[in-house]
Amino acid sequence: MPDTPAASQDVRYDFRSAEPRWQRAWDEAGCFRVPDVPPADARKYYVLEMFPYPSGKIHMGHVRNYTLGDVVARYKRARGHLVMHPMGWDAFGLPAENAARERGIHPGKWTYDNIANMRAELKRMGLSLEWEREFATCDPEYYGQQQKLFLDFLNAGLVERKESWVNWDPVDGTVLANEQVIDGRGWRSGAPVEKKLLSQWFLSITKFAPELLDALDGLDRWPERVRLMQANWIGRSEGARFRFRLAEAVGGIADCEVFTTRPDTLFGMSFLAVAPEHPLAAAAAARNPDAAAFIAECRAMGTSEAVIEQAEKRGFDTGFSVAHPFTGETYPVWIANFVLMEYGTGAIFGCPGHDERDHEFARKYGLSIIPVVRPHDAGADFSVAEAPFIGDGVIINSRFLDGLDVASGKRAAIAKLEELGAGTGVVNWRLRDWGVSRQRYWGCPIPVIHCDDCGVVPVPQDQLPLRLPEDVDFSRPGNPLDHHPSWKHVACPRCAKPARRETDTFDTFVDSSWYFARFCSPRADVPVNRAAVDAWLPVDQYIGGIEHAILHLLYSRFFTRAMRAAGHLALEEPFAGLFTQGMVQHESYKGADGRWLYPEEVEKRADGIAVVRGTEEPVTVGRVESMSKSKRNTVDPGAIIDRYGADTARWFILSDNPPERDMEWSESGVAGASRFIQRLWRMAQGLEQALVEAERPDEAAGHRLRQAAHRSIAAVTEALEGFAFNVAVARIHELANTIADAPTAPLAARREAMEILLRLAAPMMPHLAEEIWSVLHPAGGLVARLPWPEADPALLAVDSITLAVQVAGKLRATIEVPVDATDEQVFALAEAEPNVIRALDGRPIRKRIHVKGRVVNLVG
RNA sequence: GCGGUCAUGGCGGAAUGGUAGACGCGCUAGCUUGAGGUGCUAGUGGGGGAAACCCCGUGGAAGUUCGAAUCUUCUUGACCGCACCA
């Protein structure tokens with residue numbers, strides 16, 4: 001619509017006053033509140049975005065994540081669902097302790113101050129969140145319930161205490177996660193990391209390994225690649241587990257068990273290798289200082305250095321030997337750095353002819369390489385001397401296996417092993433139990449007490465929550481809980497003798513493994529109110545970053561099953577639908593001296609040259625990459641909302657590209673979104689007045705406008721259903737263009753089209769929708785309460801359509817035909833088109849194709 | 001190495017096997033407005049043509065089909081995940 005004089009461009013939409021006003025209105029009307037236990041006839045819908053870590057400020061990734069979730073929540077609400085959309089904080093973790101060490105702020109104060117900041121920032125986005133359900137995982141009310149859950153799991157036999165190898169930082173006196181080990185050194189202390197055997201708590205996730213794998217097939221609203229990543233992580237493999245008898249027992253060890261997926265190649269064996277942590281290696285070390293030195297070297301390597309060393313396979317010949325279960329021949333036992341204690345049995349038989357690692361190892365140490373599988377198409381020159389052969393083929397040099405293919409060779413070898421009582425066919429899993437002990441302060445205390453007489457004793461239920469002490473000292477390295485003067489000293493609940501509290505706290509992944517369930521009844525004095533979780537779970541749509549594709553989601557799936565085993569819910573899968581969003585990226589900039597510059601420090605001049613704002617210093621524009629503080633290519637959401645408003649930020653972030661892909665945040669893109677918001681505001685001016693209709697309003701144009709508006713309903717609905725928010729945005733742009741192009745249509749039609757547009761756009765730009773709606777309907781309610789618009793079928797019906805006419809598959813013309821036109825009518829029209837006649841060039845038509853509503857193709 | 005995803009104008013992208021490039025950004029020209037981020041109109045894949053139109057075009061090569069961005073095979077490249085998993 002061309003601007004009328006009354007709606008000139010000085011009419012600006014004042015988002016600064018409107019946005020807070022509508023946020024208050026939604027809040028006061030309680031638009032987003034739902035009961036813990038919904039009415040029986042309610043169509044529930046649970047929308048959840050991965051809750052944030054309270055780092056202090058929200059970033060663009062949060063804006064994208066929460067905007068996506070909010071569109072879903074608002075849309076589903078309009079579709080008549082009872083929508084739960086809660087928010088909370090993943091509030092335990094190391095950064096709070098770092099702040100305490102570096103700046104002397106208590107982790108609790110640091111965390112809650114950050115939460116207050118970020119809550120205010122999120123509220124400015126106008127998200128349809130139910131803040132009444134908010135909690136932080138560091139609230140004792142939350143972690144106390146987590147402690148109860150842990151004790152329930154302990155009772156249910158899902159918790160174990162066992163020794164495990166950890167990355168140990170000898171300077172900080174703490175265990176490091178793999179990602180905290182950089183080049184073999186502690187990320188904070190810089191000290192070489194050691195492998196250390198510690199007694200730790202484990203959750204028995206492996207008990208559910210088959211179920212966790214099989215259930216992936218049913219998660220049909222999860223991205224395929226996430227399911228694949230989980231399947232790989234769980235890592236099921238079929239093979240055989242069997243024993244080699246040692247030629248001579250050492251240190252009381254008489255045999256050595258191995259796991260293999262290739263029992264068919266057993267006759268190609270040339271050595272046996274064990275991990276440096278294997279008992280046989282220890283036995284060798286006890287007799288031979290050189291073996292001990294080799295093992296110590298492997299251990300000092302740490303987990304991360306192993307990556308650097310991965311090319312080099314190293315081994316140590318123990319001098320022990322084992323007997324082949326089929327032939328009785330003896331083979332040497334090596335300690336090898338490439339054998340993992342954690343996988344299988346920590347021991348393998350080496351078959352250099354048909355395994356790359358074994359091949360490399362055998363060549364390095366001059367061990368024999370025997371071919372036992374020959375490719376089906378092998379020529380006379382077949383050899384495994386240079387490279388191993390991994391594929392399928394015919395088994396050779398293998399006595400009773402000769403002539404079989406690989407698959408039947410495996411079966412035959414396993415049958416023989418079982419017959420000999422040497423071993424058995426097994427399924428092996430890559431997944432390991434989940435070690436949850438962390439030697440840290442800012443985490444949920446593990447509620448057990450160690451008593452010299454009674455062993456491990458659970459903290460009694462009436463003493464939960466077991467709170468963290470407030471008075472802790474961060475000036476010393478190590479775990480403040482451990483060196484707290486009094487906290488860990490307690491009487492044993494069972495025998496009343498002096499005992500010690502567990503001073504480890506939980507891995508923070510534990511906190512986030514059940515928060516989605518807690519949201520259903522966040523104030524309950526049990527972990528979850530059964531009626532609430534039965535009604536609300538599963539989460540219908542979960543939205544978050546792909547970086548959590550494995551651990552967080554797998555742990556949550558495990559927790560759901562563990563909670564079921566403990567009787568807290570009846571569910572198998574926590575997240576029925578999962579959407580993984582892409583990252584937010586930005587150009588990076590460097591000044592003349594190579595320093596990184598923030599986007600706001602850079603000015604792009606009209607001549608296309610970038611300079612440091614206010615100077616002549618040239619700026620190098622770098623790659624578009626994920627926003628990171630180190631590269632300073634970040635944009636502060638708060639600043640964007642200050643300048644453009646929340647609706648603009650939301651609209652741009654949705655419009656740029658499909659949400660699963662990485663997006664580029666660009667200044668021009670935001671400016672464009674802002675212009676569109678202002679344009680809609682201008683277009684709405686005057687529509688509220690009961691103006692005298694323009695002379696002779698164009699009823700036909702009005703009808704066409706109405707048809708377009710009602711078709712938009714179907715188009716936008718389809719786009720939103722498919723998470724194609726960028727397409728939904730495009731459809732709304734089209735409708736706006738159509739309205740603007742119909743200035744002669746009757747006011748009522750233009751107003752109806754505008755109202756439809758607003759309601760379709762409302763999930764994405766909720767404030768502007770309310771603002772315009774309130775002008776058009778001064779006494780009307782909130783758009784947030786309106787149902788989704790419904791298209792009038794009469795307006796969707798069309799009486800004629802445009803058909804493409806092809807000649808031999810090439811477009812030559814378009815024709816207008818009645819929708820119910822017969823083939824004969826369509827062909828007659830098509831063949832009369834001058835351009836079609838010319839393209840046929842006098843050739844008779846050999847074939848006529850008419851696909852109703854789509855195309856006509858004539859082949860001459 | 002194994003597994004997976006993707007490839008369309010200057011850019012982001014759209015397209016149930018049926019008019020490729022919707023919509024936006026950017027750009028060009030004109031008109032307006034007026035000095036701090038405007039508004040309007042027209043155009044904008046490449047080539048040819050005054051025009052009507054024609055030819056080419058969805059990383060590359062082949063195939064299936066009346067018809068392929070879409071399906072199949074091969075190939076190239078980018079990205080992601082796992083990675084000594086026996």
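Owing to the predicted nature of the structure, the values given are computational and were not obtained by experimental measurement. Residue numbering restarts at 1 for every chain, and letters A, B, ... go by the order of the sequence lines.
Taking the nucleotide of RNA chain B with the nearest heavy atom to each of A:E356 and A:S666, the more 5' of the two is matched to A:E356.
Residue A:V339 is classed as a base contact, given a heavy-atom separation below 4.0 Å to a base. Nucleic acid contact for A:R236: none, since no nucleic acid atom lies under 4.0 Å from a heavy atom of the residue. Within the 4.0 angstrom heavy-atom criterion, base atoms lie near A:Q806. Across all strands shown, A:V851 has heavy atoms under 4.0 Å from base atoms, whether or not it also approaches the sugar-phosphate. At the heavy-atom level, A:N726 lies under 4.0 Å from the strands shown only through sugar-phosphate atoms. Residue A:T260 is in sugar-phosphate contact alone, with no base atom involved, counting any heavy-atom pair closer than 4.0 Å across all strands shown. In this structure, A:R731 reaches the bases: a heavy-atom distance under 4.0 Å links it to at least one base atom across the strands shown. Among the protein residues, A:N428 comes within range of no part of the nucleic acid, since none of its heavy atoms lies under 4.0 Å from any strand. Within 4.0 Å (heavy atoms only), A:I849 reaches at least one base atom of the nucleic acid.
At B:rU38, one or more side-chain N or O atoms of A:R675 fall inside 4.0 Å of OP1 or OP2 (strictly under the cut-off). The phosphate of B:rA52 has neither OP1 nor OP2 within less than 4.0 Å of any side-chain N or O from A:R812.
Ring to ring, A:F361 and A:F271 are close: their centroids are under 6.0 angstrom apart.
With hydrogens and angles ignored, the 3.5 Å screen pairs no side-chain donor or acceptor of A:K313 with any backbone N or O of A:E360.
Between A:R430 atom CZ and B:rA86 atom C1' there is a gap of 14 Å when expressed in whole angstrom units. Distance CG (A:N737) to C1' (B:rC23): 8 Å, rounded to an integer number of Å.
Between the side chains of A:S237 and A:N428, not a single donor N or O lies within less than 3.5 Å of an accepting N or O.
Under the Watson-Crick or G-U wobble criterion, with both distances below 3.5 Å, B:rA20 is left unpaired in every strand shown. B:rU70: no Watson-Crick or G-U partner with both key distances under 3.5 Å is found in any strand.
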A:R848 vs A:E831, salt bridge (Lys or Arg N to Asp or Glu O under 4.0 Å): CA-CA, chis, key distance, verdict:
CA-CA 10 Å; A:R848 292 178 172 82; A:E831 287 162 34; 2.6 Å; yes

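For A:K313 against B:rC84, a side-chain-to-base donor-acceptor contact under 3.5 Å is present. Below the 3.5 angstrom threshold, one finds a donor paired with an acceptor across the side chain of A:R854 and the base of B:rU16.
Taking A:H278 as the reference, nothing meets the ring-ring contact (aromatic ring centres under 6.0 Å, His included) condition, with sequence neighbours excluded.
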